[in-house]
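Quick note on labels: first sequence line is chain A, next is B, and so on, each numbered from 1.
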Amino acid sequence: MKNLLQKSLKPFIIYALLVLAASVPVYYLLVDNIWQKELDEHNQIVAARTAYQLNQLQLNQKELDSSIVLWNRMQPETSLQKAEEHTPLKDSSYTLTRMNTYTPAHVADRFRGLRKNIKVNGTSYILTIETNIEETEETVLVIALATLLFFIVLVVGLVILNRRLSQKLWQPFQSTLKQLKSFRLHQQQSIHFETSDTLEFEQLNEALSKLIHNNIAAYAIQKEFTENAAHELQTPLAIIKNKLDLLLQKDALTDRQYQIIEDLNKSLSRISRINKNLLLLAKIENQQFDATQEVNISALIEQSIKVLGEHIEHKGLEIDQNIGTDIQVKGNITLVELLIQNLLLNAIRHTPAQGHIRIVLHAQQLIFTNSGTNALDSAKLFQRFTRQSNDTGGTGLGLAIIEQICQFHGWTVHYAFQNGTHTFSVDFSKR
Amino acid sequence: MKILIIEDEPDLAQSIAEYLSDAQYLCELASTFKQALDKIETYEYDCILLDVMLPDGNGIKLLELLKQEQKQEGVIIISAKDALEDKIKGLEIGADDYLTKPFHLSELAARVYSIIRRKQFGNHNIIQQQELSIDLRAKTVSVHDQHVVLTKKEFDLLVYFIGNKNRVISKSTLAEHLSGDFADMLDNHDFVYAHIKNLKKKLNEAHCSPYLKTIYGTGYKWEA
């Protein structure tokens with residue numbers, strides 16, 4: 001990926017190249033024109049002076065003729081001829097390229113000539129003056145070289161300027177970008193962008209601030225809703241539960257009626273649990289837990305195994321532990337306990353009877369492995385209400401709670417399936 | 001035995017009162033902070049059930065007041081809040097127990113029973129039912145003066161039944177009592193059956209009358 005200024009640099013350079021390239025013929029025409037005019041003027045001056053001085057000499061015809069012969073020999077690139085006709089010629093300027101007579105190298109040179117009628121002692125003569133002028137290709141070459149030099153200077157300058165500018169000009173943008181990258185919605189903290197004197201960046205920051213503010217507000221409303229909804233449900237749930245308890249006391253219930261009440265009780269327990277778990281998730285998201293306690297995770301694991309021991313036994317599960325003694329983590333004891341209970345309960349529930357559970361704890365990691373048959377979809381695993389087994393007992397929130405608790409503490413949780421064992425590992429190192 | 005139920009939800013208060021009244025408790029209701037305050041200042045109770053979220057005040061204030069006046073009532077906080085901090089705070093101020101909504105009435109009855117027993121009998125907290133004698137403090141059981149060794153869970157169940165005499169308690173309720181929050185996460189509740197079977201067997205072997213009856217197949221009732 002190229003940065004923005006690099007992208008704009010390329011068309012600038014191409015444009016500069018085109019403009020400079022177009023300037024070469026223009027400069028040539030200008031220079032050549034000026035040169036020709038100057039030479040025409042020069043030739044006129046020379047012609048006028050020649051005529052004047054020849055007249056000043058006041059030579060007789062014989063002397064004049066021999067002088068002209070001598071003059072024609074001595075003066076290079078000029079000739080003075082007696083005019084054939086009596087009607088005077090008009091002045092004419094011309095350009096011609098011919099071999100230079102006086103230089104040893106046989107190169108063609110360009111000349112600017114003037115043919116003019118002058119009068120010496122009343123006789124008409126035709127004076128021809130030819131002055132060397134720079135050749136077209138040479139002029140073009142020199143101008144092109146100069147242009148190329150300027151082009152190089154321009155490009156180097158632009159590249160350097162560009163590099164400096166991209167650091168300086170884009171600094172507020174980079175700072176905004178850095179802040180955006182570290183933004184986490186669930187932390188509910190707004191961003192204060194650096195103020196910039198660039199209009200566009202200020203507008204960007206303003207728009208972003210507004211967007212973030214709205215997002216935070218929407219997120220807060222959603223969380224609050226979950227919490228309130230869960231709270232509001234507690235009382236009606238309690239009423240149903242208690243009414244069922246009362247109904248159970250009525251005499252002469254049939255076995256069938258009792259069974260219906262019992263089924264209602266079971267479903268009710270599940271609703272209550274889902275409700276409690278949603279409330280718990282909302283509370284974790286709302287950072288309503290203190291995470292600064294020193295928690296003896298080894299003791300908590302042993303305690304959880306004890307509490308759930310009879311269920312492990314009941315299912316005929318074999319449990320294998322490698323738990324380091326008195327390992328401490330910094331966190332919230334209630335949440336850490338819930339994390340362990342959820343991991344253990346998850347393992348108990350999903351290990352086939354007579355299966356195997358292994359728990360490993362060391363200072364950096366807690367690993368739960370249990371035997372299983374099929375790999376779980378790790379992409380959806382920790383999402384709320386995604387159930388991956390066909391058992392109906394769970395709330396679909398256990399793994400979401402596990403992930404949320406890890407996230408709250410800055411830990412990471414990973415899932416893997418290999419050789420018929422599920423592995424859940426919690427990494428305690430801070431991200 | 002007088003019990004004051006401070007609860008602003010009438011349906012809930014009535015259900016509690018109905019369940020407890022059958023067990024020879026006299027229940028009074030208070031649905032607001034002010035009503036509760038009047039009753040506490042005027043009468044004596046054996047146990048107070050306190051909902052902390054009242055429309056006109058915080059129940060915790062009532063608890064503080066009770067403790068300031070050194071009243072001897074047992075207090076059970078019943079709250080929709082399941083926050084550990086609230087629980088700890090309530091217990092620190094002097095509540096005897098804390099129950100989170102929703103709860104089973106049998107759970108509440110068992111707790112009310114044990115609190116009243118503790119307040120009334122202190123160190124000599126022994127329940128006597130004919131040949132059966134249960135020492136709640138020492139957590140021991142004897143039948144015909146012969147010691148019966150029960151596991152912690154079996155003892156727990158026995159006391160739960162005593163607190164809910166002549167009441168039908170379903171297996172799922174007992175499962176919730178025994179494994180707390182996890183009950184519904186467990187695939188089956190057979191572990192309850194295993195504990196009950198052992199308890200019955202042990203009492204039976206000690207020649208205790210069959211007070212504990214199975215009803216409707218998976219329900220239980222302690223008859224006395």
Side-chain angles (χ1 to χ4, degrees), chain A residues 230-246 248-250 253-259 261-263 265-276 279-280 283 288-290 307-308 310-311 313-315 332-334 338 341-342 345-346 348-349 391 393-395 398, chain B residues 7-16 18-19 22 51 53 78-85 87 99-109 151 153 164 166-173 175-176 178-191 194-195 215-219 221:
Chain A
H231 252 304
E232 287 304 314
L233 281 174
Q234 299 279 70
T235 305
L237 284 175
I239 293 170
I240 300 172
K241 203 166 197 169
N242 292 358
K243 297 286 180 198
L244 285 176
D245 287 338
L246 288 177
L248 204 60
Q249 307 312 323
K250 298 299 167 207
L253 282 182
T254 63
D255 281 6
R256 179 70 192 129
Q257 285 164 340
Y258 168 83
Q259 202 49 55
I261 295 173
E262 189 65 338
D263 289 345
N265 258 329
K266 282 181 193 161
S267 290
L268 200 57
S269 293
R270 247 181 80 199
I271 302 175
S272 306
R273 186 177 182 80
I274 291 171
N275 206 39
K276 266 189 188 173
L279 205 53
L280 175 72
K283 277 185 186 166
Q288 289 175 11
F289 290 94
D290 164 35
V307 169
L308 290 165
E310 67 173 310
H311 304 297
E313 253 171 61
H314 199 260
K315 222 176 161 180
N332 182 284
I333 187 159
T334 314
L338 273 171
Q341 282 172 353
N342 271 298
L345 213 56
N346 195 52
I348 294 171
R349 278 161 48 76
D391 96 297
T395 59
Chain B
E7 165 65 62
D8 64 320
E9 189 63 48
D11 262 335
L12 217 52
Q14 262 162 23
S15 299
I16 295 171
E18 191 180 335
Y19 192 90
D22 283 358
D51 182 355
M53 298 210 281
I78 44 176
S79 168
K81 274 193 187 172
D82 187 25
L84 189 74
E85 295 79 50
K87 209 170 199 161
L99 210 51
T100 312
K101 289 178 194 173
F103 49 79
H104 279 295
L105 290 173
S106 51
E107 185 69 45
L108 178 68
T151 62
K153 294 226 156 132
N164 286 281
N166 300 318
R167 296 303 164 82
V168 178
I169 301 170
S170 69
K171 192 164 92 170
S172 70
T173 309
E176 272 181 61
L178 286 179
S179 33
D181 268 355
F182 320 122
D184 65 288
M185 297 287 285
L186 300 161
D187 300 333
N188 66 58
H189 293 159
D190 289 352
F191 65 99
H195 289 303
I215 188 164
Y216 307 127
T218 60
K221 190 175 185 178

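The residue among B/H104, B/R167, B/E9 with the most heavy atom pairs within less than 4.5 Å of chain A is B/H104. Highest contact tally toward chain B, considering only A/L253, A/L233, A/V307, A/N275, is held by A/L253 [criterion: heavy-atom pairs under 4.5 Å]. Between chain A and the options B/I169, B/I78, B/V168, B/T218, heavy-atom pairs under 4.5 Å are most frequent for B/V168.
The OG atom of B/S15 lies 3.0 Å from the NZ atom of A/K243; values are rounded to the nearest 0.5 Å. Residue A/L338 holds its CG atom at 5.5 Å from CG of A/L280, rounded to the nearest 0.5 Å. Taking CG of A/L237 as the start and CZ of A/R273 as the end, the distance is 14.0 Å to the nearest 0.5 Å.
For a residue to count as touching a neighbouring chain, one of its non-hydrogen atoms must lie under 4.5 Å from one of that chain's; by this rule A/Q257 does not touch chain B. Looking at A/L345, only its side chain comes within 4.5 Å of chain B, counting heavy atoms on both sides. Using a 4.5 Å cut-off between heavy atoms, A/L308 touches chain B through its side chain atoms alone. Within the 4.5 angstrom heavy-atom criterion, no atom of B/L108 approaches chain A.
Applying the salt bridge (Lys or Arg N to Asp or Glu O under 4.0 Å) rule to B/D190 yields the partners B/K171; only residues at least two apart in sequence or on another chain are considered.
Remark: side-chain polar atoms of A/E262 are paired, donor with acceptor, to backbone N or O of B/S172 under 3.5 angstrom.
The number of heavy-atom neighbours closer than 6.0 Å to CD of A/E232, taken from other residues, nucleotides and ligands shown, is 12 or below.
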